[in-house]
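Counting convention: from 1, in listed order, for ligands and their atoms alike. Predicted model only: the values in this text are computed from it and were never measured.
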Amino acid sequence: MITKVVAAQEFKARRNTLAQQLSPNSIALVSTSAVRYRNSDVEYPYRADSYFHYLTGFNEPEAILLIETFEPDQPYDYTLFCRERNHDEEIWNGYRAGLEGAVQKYFADQSYLIDNFDEQCGARLLGKSNIYLYLGHDDAFEQRVLDILQQASGESSVTPLPLNPILDEMRLFKSKFEIECMKKAAAITAKAHTHAMQAAYNGVMEYELAAELHYQFNKNGCEPAYGTIVAGGKNACVLHYVENKQPIATNDLVLIDAGCEYQYYASDISRTFPVSGQFSAEQRALYQLVLDAEYAAIDAVQVGASFIAPHDATVQILTRGLVELGLLKGNVDELIQSQAYTKFYMHGTSHWLGLDVHDVGAYKIDGAYRNFEAGMVLTIEPGLYIAKDEPSVAEKWRGIGIRIEDNIFVTVDGPEVLTAAVVKDIDAIESLMKNKNT
Ligand code: GLY
Ligand code: MN
Ligand code: MN
């Protein structure tokens, strides 16, 4: 079970792992996200920066983590800069941990006022061998630290070292705690998709189905991890369709790509189903093809296999199937070679999943796709999108868009599908929609 104590141990273990990889006598700094405004006086819902959350569990704005290492045999030091408690501010804008809370609840060795960061940081940086920053992530913060460093050292140019490879590689491999969070996110999202399927009917508005999903997310204390896509008919051929404002015409397919974020961990599920509850012949043929590709791609997620193996399996099956159905013409190998399939399948098959829906972690090492290792989590998400004005195919295929997406945990025993609880086989979808109340 995820308790506060378990979570605190997890954050500490991450700081330990980070500190071990820093050179002695160095400082690492990570800042969190700023509050952003939607329009006058209205803030976007606040979400802490994923790296900052990963290392601290501290989710207030205006905070900076400082890890300082000393000689090799000495323990490192963890400082949290944050806002102080403030009676009036808390009445208007919510609770704060304050400097005491940073130590007592978030286990910093010491805490300082965020307003004193420049001064404190300047003093701490003096005489240090290296300074580490996550580069290219927050330009304003990077510049601020470089200015502090130049002022403190009197040197005109200072080169920080990147935290990027260290933190990205750490985040790529999920701990037991993280998998527990991701299973929970997957379970809530699977239930939400099931409810949305059961709530569908000819003519339903896309936003009505989005509401079913968001109701389930919110009811379980979660928010969407990204912009929900509910795309009826030809709208499914717009890959990032988030308007969700159209009625779904009788007998059209609806593509839903939605996932919640649980304790900062994302899920990312896509399902496509006929709004009437019954696939037409063309919908069925294309859907089965995508489903066959999805099963084959999942099977390709094996420890030691290449990251690109699921995509290669997908392309192979989709191209062969499109030739059999007459949507592509020619020799399968040549069509793959010339990437003819990209007219109907124009995105990748996988991305890493974690604190970010498109999570961090290198896909290639020294220019070549890396191999799967236990502890990674990724999506498998083949699709087919036949544009409504695609002249090269018979009219009956046009305007059909399909994506099927699951979340896969790589284990030594093979791929574990975290999102298996929401149906995807044709018979199972039709049966679920026929028996709406079961
Ligand atoms: N929902 C975003 C994606 O599937 O990559
Ligand atoms: Mn995805
Ligand atoms: Mn998705």
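By the 3.5 Å distance cut-off applied to N or O atoms, R403 is not counted among the residues near ligand 1.
More than 12 heavy atoms of other residues, nucleotides or ligands sit less than 6.0 Å from atom OH of Y46. More than 12 heavy atoms of other residues, nucleotides or ligands lie within 6.0 Å of NZ in K343, so this atom counts as buried by the packing criterion. More than 12 heavy atoms of other residues, nucleotides or ligands shown are found within 6.0 angstrom of OH on Y226.
Within the 4.5 Å cutoff, the side chain of L253 has heavy atoms near those of the I400 side chain. Between S280 and N251, the closest side-chain pair of non-hydrogen atoms is not below 4.5 Å.
Those atoms of ligand 1 that come under 4.0 Å of a heavy atom in E381, given as number and element, are 3 (C), 4 (O), 5 (O). Counting atoms of ligand 1 from 1 in the listed order, those under 4.0 Å from a heavy atom of E405 are 4 (O).
The side-chain tip of K424 does not point at the ring of F273 from less than 6.0 angstrom away and within 45° of straight on. Taking the ring axis of Y76 as reference, the NZ or CZ atom of R15 does not stay both within 45° of it and closer than 6.0 Å to the ring centre.
Residue pairs satisfying the salt bridge (Lys or Arg N to Asp or Glu O under 4.0 Å) criterion with at least one member in residues 204-228, sequence neighbours excluded, are absent.
If you count the protein N, O or S atoms nearer to the Mn ion (ligand 2) than 2.8 Å, you get 4.
A centroid separation of 6.0 Å or more is found between the aromatic rings of H351 and Y363.
The nearest heavy-atom contact from the protein to atom 5 (O) of ligand 1 is H358 NE2, 2.6 Å.
Using 4.0 Å as the threshold, H347 has no heavy atom nearer than that to any atom of ligand 1. At least one heavy atom of D268 sits closer than 4.0 Å to an atom of ligand 1.
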